[in-house]
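Just below is one structure, and these are the notes that go with it.
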Amino acid sequence: SQSRLSESVIAAACSRVGQRVLHVDRRNYYAGNWASFTFNGLLSWIEEYKAGQSEEAVREDWKEKLEEGEEALALSAMDTSISNLEVFCYGEVERCLLESSSVEEEEPVVASDEASPASGPDAGAEQTQPEGQEREVPSQAEETQGEVQQASPSPAERQPEPKKKITYTKIVKEGRRFNIDLVSKLMFSRGSLVDLLIKSNVSRYAEFKNVTRILTYRNGKVEQVPCSRADVFGSKQLTVVEKRMLMKFLTFCLDFEQHPEEYQDFSEHSFWDFLQTKKLTENLQHFILHSIAMVIPEVCTVEGLRATQHFLRCLGRYGNTPFLFPLYGLGEIPQCFCRMCAVFGGIYCLRHSVQCLVLDKESGKCKAVIDTHGQRISCSHFVVEDGYIGADQRKNTDSRQISRAVLITDRSILPSDSEQQVISLVTVPPVEPGGPLVRIIELCSSTMTCMLDTYLVHLTCSSASGSAQEDLAPVVSRLFHTPEESRGPTVLWALYFNMRDTSAVDRSSYDLPSNVHVCASPDTALGSDHSIKLAEAVFRQLLPDEEFCPPAPNPEDIIYDGDGPQGEGPGFEEAAPAEGAGAQGGESAGRQEGKEAVGEKKGAGDSVTPETGAGDEPSPTSDE
């Protein structure tokens with residue numbers, strides 16, 4: 001039950017090796033808390049939350065479905081993973097409507113400033129009449145000449161066109177251009193998720209972009225972090241001495257295991273204490289701790305060194321930073337694995353849930369489930385998200401909370417010198433001692449996650465106070481501004497919410513049958529390693545002798561049942577066989593059936609273009 005990342009990977013892996021998979025989800029969309037929404041879809045999701053829950057399906061009496069020697073274990077019907085949801089629209093809807101209508105009235109005048117002769121003579125008349133010139137009506141030729149002269153002012157007279165104001169009405173109207181993730185993460189280029197996408201050939205279902213730059217917030221301003229060799233030597237922020245010091249330390253971190261004498265005395269000390277002994281300037285210590293290792297100061301030395309090493313090893317595989325981001329949002333990744341599962345025979349049912357497990361009293365194992373329509377379904381294993389587990393089956397499962405914020409802004413947090421759109425990762429150290437480290441991911445419109453002239457900003461941190469708005473509002477107020485302040489990036493719309501994090505809960509904390517496998521909710525880490533490792537661990541329990549996610553065959557290599565040996569096709573001047581004739585007809589039908597399975601899944605989320613190659617490494621799309 002549930003189609004989040006871990007569950008989707010498990011379903012795809014089982015289906016790929018020939019297992020029968022039924023994947024149900026009580027929501028009407030894929031990916032659960034990993035989902036991506038259009039702006040209008042997100043508003044509907046918010047309304048459902050405010051309403052308490054969407055109406056549950058009629059629950060049939062399941063007691064009559066039990067046989068002798070069986071007992072039922074009820075599952076939770078309420079999703080409590082989201083809490084403290086708050087929405088802020090800076091500018092009332094009525095005010096936005098007025099602004100929108102005034103902009104629409106002014107549009108013909110603005111358009112006429114750039115009118116060409118093909119726009120007709122009326123445009124020139126509209127331009128000249130407000131100037132109050134007293135002259136006779138010119139001929140059509142003179143009028144056209146005047147238009148050309150006005151449409152081509154000299155460089156000295158050319159004024160920059162004022163940027164149109166983005167209103168809430170405009171955002172709603174362009175809502176389908178947004179793909180807003182509930183979970184904010186990036187993909188390490190040598191992380192377990194990218195390796196799995198390559199190995200399984202699932203990378204063909206998605207496209208990716210490089211994260212363009214890594215930023216940090218220090219001394220009241222946003223700065224770019226030099227992380228690659230080229231960045232270090234080209235940086236204007238570092239002195240020559242600092243460049244040498246940084247390169248020496250990063251070179252050590254690449255193979256720090258070969259030099260234990262350098263750090264073994266600090267194995268019981270924090271990474272921050274270790275950095276202070278390496279003769280690094282305060283500037284370099286900040287960059288390494290918060291933007292390269294991306295750990296808190298209290299983390300142990302070895303863990304900090306491993307994080308730095310992982311960052312460095314991911315550099316250069318696809319670009320100048322270690323990270324990739326999928327076009328159309330992170331919610332596409334679970335859907336890619338759902339698509340693979342469906343292609344190999346998996347069955348998907350949205351708006352469908354399980355109300356109880358049927359347990360065998362003698363063995364204590366789950367032998368069937370009863371869905372919300374009263375239907376009994378036999379199963380050998382049951383994989384479930386932790387949200388379905390009731391309080392009676394939890395033992396000391398104290399979960400943590402993730403604080404999340406989603407902002408729509410009108411400009412980048414650090415404007416780029418070039419016109420190229422950029423994707424930025426920003427780390428903000430704790431605003432107050434003991435506070436959380438805040439991670440910001442800023443996405444531009446070329447990622448297909450927001451409309452043109454806007455940016456989609458995700459903020460994430462471990463919850464310290466219990467409310468996302470209390471945790472993240474101080475960071476938002478330092479880096480962004482409301483429309484009334486008119487300086488810096490302007491926040492047009494904001495959403496705050498908390499999400500439960502059960503990634504640290506051990507399997508033994510649940511009182512469940514041995515063939516019921518629980519998948520944890522998303523964690524606060526930047527990558528998805530925990531979810532992929534969890535999926536592989538569950539798969540090993542289910543099928544210990546099978547390969548985990550073997551490569552899917554390329555479409556041209558598939559031989560369908562009933563197809564004979566493929567001979568040579570007709571030559572250039574030879575006539576092609578009649579449509580639907582012989583073995584070619586069988587192949588066409590088989591391929592069409594495969595496309596329908598993929599097409600139904602593809603309709604669940606916004607469009608994905610599987611053009612990353614047939615199983616090769618995912619190739620990031622250029623920004624050119």
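Quantities reported herein were computed from a predicted structural model and do not represent experimental measurements. Computation of the quantities below employed the complete heavy-atom set of this structure, encompassing side-chain atoms and omitting hydrogens, waters and symmetry-equivalent molecules.
Residues Trp493 and Phe39 place their aromatic rings such that the two centres sit under 6.0 Å apart. Not less than 6.0 angstrom separates the ring centroid of Phe325 from the ring centroid of Phe208.
Of the inter-residue distances, the one linking Glu298 atom CD with Glu303 atom CD reads 11.5 Å to the nearest 0.5 angstrom. If you take SG on Cys253 and NE2 on His310, they are separated by 14.0 Å, rounding to the nearest 0.5 Å. Note that CZ of Arg190 and OH of Tyr318 are 8.0 Å apart. Values are rounded to the nearest 0.5 Å.
Ser445 and Gln421 share a side-chain donor-acceptor pair at under 3.5 Å. Between the side chains of Asn498 and Ser83, no donor-acceptor pair of N or O atoms lies under 3.5 Å. With 3.5 Å as the limit, one finds a donor-acceptor pair spanning the side chains of Arg400 and Ser503. Donor-acceptor pairing under 3.5 Å is lacking for the side chains of Thr281 and Asn283. Between the side chains of Asp273 and Ser270, a donor-acceptor pair is found at a separation under 3.5 Å. Side-chain contact annotation: Asp231 with Asn320, donor-acceptor N/O pair under 3.5 Å present.
Remark: side-chain polar atoms of Glu262 are not paired, donor with acceptor, to backbone N or O of Phe256 under 3.5 angstrom. Using a distance-only test at 3.5 Å, with no hydrogens or angles considered, no donor-acceptor pair links the side chain of Thr449 to the main chain of Gly329. For the pair Gln285 (side chain) and Leu280 (backbone), a donor-acceptor distance under 3.5 Å is present.
The number of heavy-atom neighbours closer than 6.0 Å to CZ of Arg177, taken from other residues, nucleotides and ligands shown, is 12 or below.
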- Item | Full working for salt bridge (Lys or Arg N to Asp or Glu O under 4.0 Å) between Asp523 and Lys185 | CA-CA 10 Å; Asp523 60 354; Lys185 291 179 180 289; 2.7 Å; yes
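Annotation for Leu182 and Met499: closest pair O-CE, 3.8 Å, computed over non-hydrogen atoms.
Ring planes of Phe497 and Trp45: perpendicular class, angle over 60° (limits at 30 and 60°).
Partner Phe480 forms a side chain to side chain contact (heavy atoms under 4.5 Å, CB included) with one of Thr490, Ile413, Val475 and no other, that one being Ile413. Considering Asp501, Thr524, Asp471 in turn, Asp471 is the only one that fulfils the side-chain hydrogen bond (donor to acceptor under 3.5 Å, both in side chains) rule with Ser463.
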